[in-house]
Structures are given as C-alpha cells and as structure tokens.
Amino acid sequence: MMNIKIFHSLQWKWILTFWLISLISATLSIGIITYASISNKTVLGLLSLLLFVGTLFGLYTAHRFKQKLRPLQEGALYLFHGHLFHRIPVEGNDEIAEIALKWNKMAERLESQVSTLQKLTDENKKLFDEAKQYVISEERNRLARDLHDSVSQQLFAISMTASAILKQERSNHPERKHILLEKLHRLSRLAQSEMRALLLHLRPVQLEGEGLADGITRFITEWIHKTEIEILNHIEGYTHIPPGIEKQLFYIFQEAMSNVFRHSEATTVTVKGTQTENMILLSVQDNGNGFVTGENKSASYGLTSMKERAQELGGAFSIISLPGKGTKMEVRIPISWEE
C-alpha cells in the first residue's frame with residue numbers, strides 16, 4: 001500500500017485552500033474596516049478583486065482535480081472495451097495516485113486470469129477432442145467386433161448353407177433340402193435382427209423434448225414396420241417425470257429393445273409402464289429364446305449398462321430369463337416430488 005504524506009492528501013490540500021481563501025478574505029476585510037474612509041468605488045473594487053481571485057483559484061483547483069481524474073476515466077473506458085493491457089500513469093502520492101496504483105494491480109490480475117482461462121479453454125478443447133476421438137474409436141471397435149462376432153459369421157453360415165443347398169439340388173433327398181432352407185431362413189432372420197440392433201445403436205431415437213410415453217410410442221411406431229416382431233404398448237400414467245429421469249429411462253428402454261432384436265428371436269414384445277405417487281415402473285418382456293444370465297457376453301454388456309443407469313437414478317434393475325421361456329426386464333425408479 002502506498003505511503004501518503006499527510007500534507008499531500010486531498011483532504012489537506014482542500015483545507016490549505018480554504019485557509020488561503022479565508023486569509024485573503026480576512027486581510028481585505030481588515031483593510032476595509034481600517035480604511036473605512038475610502039470611497040465606495042474602492043470598496044467595490046476590492047470586493048471584485050476578491051471574487052476574481054477566488055474564482056481563478058477555484059477554476060485552477062477544479063482543473064487540476066479533473067486532470068488527475070481523467071486517467072481513471074480513460075482506464076475505465078479501456079477496461080469496459082476489454083483492453084486489459086492498459087495501465088494508468090501514477091503521479092504523486094495522494095489518494096488518486098493510490099487508486100491508480102490499485103487499479104493497475106487489478107488490471108494485471110484480470111489480465112492474468114483471462115490468460116489462464118484462455119489456456120484452460122484451449123486445454124479443455126484439446127481434451128474434449130481427444131475424448132471424442134477416443135469414444136469414436138471405441139465405438140468403431142465395438143461395431144467392428146459386433147459385426148465380426150454376429151453378422152459376419154451368420155452371413156458366412158448363410159453362404160455355406162446356400163452352397164450345401166446347391167449341392168443337394170440334383171440329389172433325391174428333399175427332406176435334407178427342406179432342413180437346409182429352414183436353416184438358411186433362420187440365419188437370414190438372425191442377421192437381419194443383428195443389423196437392426198446395430199442401426200438402433202448408430203441412429204437411436206431421441207426424446208426431442210417430448211415426454212417419455214410419447215417417445216416410447218414414437219419408437220414403437222417407427223420400428224414396428226421394420227421388424228416382424230409384434231410390439232405391444234401398455235404405457236399408462238406417465239406424467240410430469242423429471243427430464244433427467246425420462247432420458248435415462250428411455251436409454252434403458254432402447255437398450256432392452258436392442259437386446260430383443262439381437263438375441264431373443266421373439267415374436268411378441270410387451271412394453272409396460274406405470275407411475276405411482278413415489279415410483280416409476282418400466283418393463284420390457286418378450287417370448288423369445290431366453291438365456292442363462294451370465295452366459296451371453298454381448299447381452300450381459302447391455303444388461304450392465306441398463307443396471308448402471310438405473311442405479312444412477314437410485315433405482316432397482318431386475319432381469320428374469322429362462323431358456324425357451326423368454327425374458328423380462330424391469331426397472332423401478334423412486335421419485336420425490338419435493339425434490
């Protein structure tokens with residue numbers, strides 16, 4: 001902090017100015033009283049001189065004060081327009097000089113903070129780009145793995161089956177040809193289901209500002225014409241669900257439908273949704289192949305994702321599946337209207 005000498009402060013400058021004006025006024029008044037015999041014209045002349053000197057002194061003092069404040073005004077204008085590099089010249093050691101010094105320190109701090117924020121923005125942009133590229137790379141690897149593990153192998157099986165059918169073309173075993181044709185049909189349906197599931201991941205349906213019930217209905221309407229599976233919609237009572245919960249539940253629903261398309265070979269899927277005062281329920285049940293939990297690795301990845309999303313909402317996720325008996329996925333999310 002700047003050390004200000006007592007007689008250099010503005011307060012003492014104004015006091016000294018007042019003392020000087022008072023001294024001049026007192027001197028002229030004593031002169032007028034002492035020499036009362038002088039003419040009225042002389043008295044008026046002295047008073048006029050006193051007023052003239054006081055006016056000049058006041059103008060000079062105001063001008064000096066204004067000149068000292070002008071750099072502060074210019075500094076404020078520079079700062080308003082974002083020119084943080086500008087510094088106010090420090091003259092003298094009175095209060096205005098102290099303000100100028102603190103102003104410069106404040107500008108230096110702001111300039112440093114802005115520089116730091118810009119560097120952080122650049123670093124965040126780089127980290128975001130790297131994270132984005134990593135996610136893209138991971139998604140490509142996952143799709144490549146899924147295509148290789150499912151669709152590619154199924155297409156290879158279809159090719160081998162078709163080749164076997166051609167070899168049976170001239171044989172006298174129609175039963176064998178019929179079995180091969182059924183296998184070919186089944187493999188083609190599996191490959192088609194896998195492609196639908198992959199497309200669902202690549203181009204997922206979004207809520208787009210609508211409610212969960214409307215989003216599920218639109219999803220069913222869009223996909224009911226793309227698959228031979230009958231999808232039954234029994235969503236009732238979904239109202240005023242917080243957007244965050246709606247979004248996560250919709251992701252869980254999409255992941256459940258993806259597993260149905262990919263693994264179940266189901267003919268019917270039933271989607272149910274209800275809402276009570278403090279609970280939201282969503283279930284997806286199919287009449288497909290079913291499975292033993294933990295044996296299907298690709299299905300377990302989707303189940304883990306759904307379970308984690310449900311737990312993030314403080315809810316419970318359950319899956320019931322038996323080979324040949326279908327699968328039922330159910331998620332329950334507690335809701336507090338006070339929150």
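Quick note: numbers below take in every heavy atom, side chains included, and nothing from hydrogens, waters or symmetry partners. In this chain, residues are counted from 1 in sequence order.
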Do Met106 and Leu72 belong to the same hydrophobic cluster, where Ile, Leu, Val, Met, Phe, Trp and Tyr are linked whenever their side-chain heavy atoms lie under 4.5 Å apart, directly or via other members? yes

Kindly work out whether a path of hydrophobic side-chain contacts (I/L/V/M/F/W/Y, heavy atoms less than 4.5 Å apart) joins Tyr78 to Ile99. no

Is it true that Lys102 and Glu98 make a salt bridge, defined as a side-chain N closer than 4.0 Å to a carboxylate O? yes

Going by heavy atoms in the side chains, are [X] and [Y] under 4.5 Å from each other?
| X | Y | answer |
| --- | --- | --- |
| Ile252 | Met329 | yes |
| Ser264 | Thr327 | no |
| Ile231 | Met257 | yes |
| Met306 | Asn259 | yes |

Say you draw a straight line from [atom1] of [X] to [atom2] of [Y]; how long is it, rounded to the nearest 0.5 Å?
| X | Y | atom1 | atom2 | answer |
| --- | --- | --- | --- | --- |
| Leu249 | Leu281 | CG | CG | 10.0 Å |
| Thr217 | Leu212 | OG1 | CG | 9.0 Å |
| Ile235 | Ser283 | CD1 | OG | 7.5 Å |

So which heavy atom on [X] is nearest to which on [Y], and how close?
| X | Y | result |
| --- | --- | --- |
| Ile216 | Phe250 | N-CE1, 3.7 Å |
| Ala100 | Pro89 | CB-O, 4.2 Å |
| Leu282 | Phe253 | CD2-CB, 4.0 Å |
| Ala266 | Asn287 | CB-OD1, 3.4 Å |
| Ile88 | Trp103 | CD1-CD1, 3.2 Å |

Tell me whether the rings of Phe219 and Phe261 are parallel (<30°), tilted (30 to 60°) or perpendicular (>60°). parallel

Going by the rule side chain to side chain contact (heavy atoms under 4.5 Å, CB included), which residues pair with [X] if we only count those two or more places apart in sequence or in a different chain?
| X | value |
| --- | --- |
| Leu232 | Glu230, His234, Thr268, Thr270 |
| Leu313 | Ile245, Gln248, Ile333 |
| Gln113 | Arg109, Leu110 |
| Lys132 | Phe128, Ile136 |

Taking everything shown except Gln311 itself, do over 12 heavy atoms lie less than 6.0 Å from its CD? yes

Could you name each residue pair satisfying salt bridge (Lys or Arg N to Asp or Glu O under 4.0 Å) that touches residues 69-82, not counting sequence neighbours? none

Any side-chain to backbone donor/acceptor pair from Ser321 onto Phe291? Under 3.5 Å, distance only. yes

Closer than 3.5 angstrom, by distance alone: can the side chain of Ser258 be matched with the main-chain N or O of Gln254 as a donor-acceptor pair? no

Quick one: salt bridge (Lys or Arg N to Asp or Glu O under 4.0 Å) partners of Glu108, sequence neighbours excluded? Arg87

So, using salt bridge (Lys or Arg N to Asp or Glu O under 4.0 Å) as the criterion, who are the partners of Lys307 when residues are at least two apart? none

Under the rule for side-chain hydrogen bond (donor to acceptor under 3.5 Å, both in side chains), what residues qualify as partners of [X], not counting sequence neighbours?
| X | answer |
| --- | --- |
| Glu246 | none |
| Ser305 | none |
| Asn124 | none |
| Lys125 | Asp129 |

Could you please spell out the steps behind the side-chain contact (heavy atoms from CB on, under 4.5 Å) verdict for Gln275 and Ile241? CA-CA 9 Å; Gln275 178 179 341; Ile241 302 176; 3.5 Å; yes

Leu303/Phe317 under side-chain contact (heavy atoms from CB on, under 4.5 Å): CA gap, chis, key distance, verdict: CA-CA 9 Å; Leu303 297 179; Phe317 174 82; 4.2 Å; yes

Between Tyr238 and Ile280, is the side-chain contact (heavy atoms from CB on, under 4.5 Å) condition met? List the steps. CA-CA 8 Å; Tyr238 278 173; Ile280 300 173; 3.8 Å; yes

